[in-house]
Amino acid sequence: MPRLKGNTKEIIMEESLKLFAVHGFEAVSIRTIADKVGIGNSALYKHFASKQAIFDALVEELKHRYFEQCASIIEDIRGIEAVKENCLKMFEYQTQNEWIVNFRQMLLIEKFRNPKMAELYKEFFVDIPINNQIKIFEHLQEKGLMIEGDPFVFAMELYAPFYLYHFVAHDYGVLKGQYQKHVEYFFNAHFIPES
């Protein structure tokens with residue numbers, strides 16, 4: 001296979017993640033990754049000491065990307081309409097971003113074999129989103145834009161269908177429309193209309 005063009009380290013990470021998403025972390029060898037990238041094993045080892053080192057670098061990169069996305073969304077909160085729009089942006093990010101989708105698929109494959117993978121899955125796709133929504137809802141309650149109530153329960157209510165959509169084959173346009181209806185219903189039920 002010809003060598004892929006670009007930054008070799010980034011290509012190794014990207015191609016590894018694609019392979020892990022299809023076959024699982026355990027099933028993919030260094031040889032398979034090197035072949036996919038179009039380099040020899042020794043060239044790959046110049047960038048990463050092991051398959052685990054590739055995985056660790058992927059986790060750090062994905063955490064960075066994920067937190068960057070969450071931070072930009074939280075910073076953009078100016079009112080109820082902005083919160084609704086940001087819910088949809090995060091939905092698009094989690095369902096359409098190739099890195100996040102592949103990472104979720106890999107963790108789903110591995111979480112039943114490896115407790116550390118199960119912990120990572122919970123961290124990325126349950127704890128971080130719920131905790132970010134709790135912060136947002138606390139902030140909106142303080143501003144008098146959201147009815148009083150338990151921010152954790154509100155976060156779970158908003159996130160549950162979002163989370164379930166990770167598990168269904170879908171037409172993105174249809175799924176986005178369904179989630180948009182859920183967001184509208186949630187906001188109509190829990191938010192104080194802006195004057």
State yes or no: do Ile100 and Val22 share one hydrophobic cluster built from I, L, V, M, F, W and Y residues joined by side-chain heavy-atom distances below 4.5 Å, directly or via other members?
-> no

Residues in ring-ring contact (aromatic ring centres under 6.0 Å, His included) contact with Phe48, at least two apart in sequence or another chain | none

Lys51 side chain vs Ser16 backbone, donor-acceptor pair below 3.5 Å = no

Audit row: Gln96, Val101, side-chain contact (heavy atoms from CB on, under 4.5 Å) steps and yes/no = CA-CA 7 Å; Gln96 299 299 296; Val101 169; over 6 Å; no

Treating Ile, Leu, Val, Met, Phe, Trp and Tyr as nodes and any side-chain heavy-atom pair under 4.5 angstrom as an edge, say whether Leu120 and Tyr66 lie in one connected cluster.
-> yes

Over 12 foreign heavy atoms within 6.0 Å of OH, Tyr163 | yes

Hits for side chain to side chain contact (heavy atoms under 4.5 Å, CB included) against Glu26, two or more places apart or cross-chain, chain-then-number order -> Glu110

When you look at Phe137 and Leu140, which way does the side-chain contact (heavy atoms from CB on, under 4.5 Å) test go after all the steps?
-> CA-CA 5 Å; Phe137 294 156; Leu140 292 170; 4.3 Å; yes

If you measure from CG on Leu107 to CG on Leu62, what distance do you get to the nearest 0.5 Å?
-> 9.0 Å

Of all heavy-atom pairs between Ile30 and Ser50, which one has the smallest distance, and what is that distance?
-> CD1-C, 4.0 Å

In this structure, CE of Met90 is separated from OG1 of Thr95 (nearest 0.5 Å) by 10.5 Å

Just wondering, do Asn86 and Ile136 contact through their side chains at under 4.5 Å, heavy atoms?
-> no

Main-chain N/O of Met156 paired with Gln133 side-chain donor or acceptor, under 3.5 Å | no

Hey, can you tell me if Phe187 and Phe191 have their rings parallel, tilted or perpendicular (30° and 60° cut-offs)?
-> parallel

Nearest 0.5 Å, what's the CG-CD distance between Asp35 and Glu15?
-> 12.0 Å

Please examine the side chains of Tyr121 and Asn114, heavy atoms only from C-beta on, and report whether any two atoms are closer than 4.5 Å.
-> no

Measure the CD-CG distance between Glu184 and Leu88 for me, rounded to the nearest 0.5 Å.
-> 8.5 Å

Summary of ring pair (Phe, Tyr, Trp, His ring centres under 6.0 Å) pairs that have at least one residue in residues 95-119, sequence neighbours excluded = Phe103-Phe124

Taking the side chain as every heavy atom from C-beta outward, state whether Met13 and His47 have any pair of such atoms under 4.5 Å apart.
-> no

Identify which one of Phe162, Tyr185, Tyr159 satisfies the ring-ring contact (aromatic ring centres under 6.0 Å, His included) criterion when paired with Tyr179.
-> Phe162

Parallel, tilted or perpendicular: which fits the ring planes of Phe154 and His190, with parallel below 30° and perpendicular above 60°?
-> tilted

Pair Lys84 + Glu81, salt bridge at N-O below 4.0 Å = yes

Spatial distance of atom CG (Leu17) from atom CD1 (Ile54) [nearest 0.5 Å] | 11.0 Å

Which heavy atom of Glu14 sits nearest a heavy atom of Glu98, and at what distance?
-> OE2-OE1, 4.5 Å

What are the two closest non-hydrogen atoms of Gly24 and Arg113, and how far apart are they?
-> CA-NH2, 4.4 Å

Start with the C-alpha gap between Phe125 and Gln94, add the side-chain angles, then the distance that decides, and say whether side-chain contact (heavy atoms from CB on, under 4.5 Å) holds.
-> CA-CA 9 Å; Phe125 299 106; Gln94 278 209 27; 3.7 Å; yes

Which heavy atom of Leu44 sits nearest a heavy atom of Ala34, and at what distance?
-> CD1-N, 3.8 Å

In terms of hydrophobic clusters joined by side-chain contacts under 4.5 Å, are Ile109 and Val59 together?
-> no

Does some side-chain heavy atom of Ile134 sit less than 4.5 Å from a side-chain heavy atom of Asn131?
-> yes

Given Met117 and Leu108, is the side-chain contact (heavy atoms from CB on, under 4.5 Å) satisfied, shown in steps?
-> CA-CA 8 Å; Met117 298 285 193; Leu108 280 169; over 6 Å; no

Would you mind reporting whether Glu61 and Leu58 have side-chain heavy atoms less than 4.5 Å apart?
-> no

Say you draw a straight line from CD1 of Ile11 to CD1 of Ile33; how long is it, rounded to the nearest 0.5 Å?
-> 14.0 Å

Heavy-atom check, side chain of Ile12 versus side chain of Lys36, under 4.5 Å = no

Main-chain N/O of Ile147 paired to Gln141 side chain as donor or acceptor, under 3.5 Å = yes

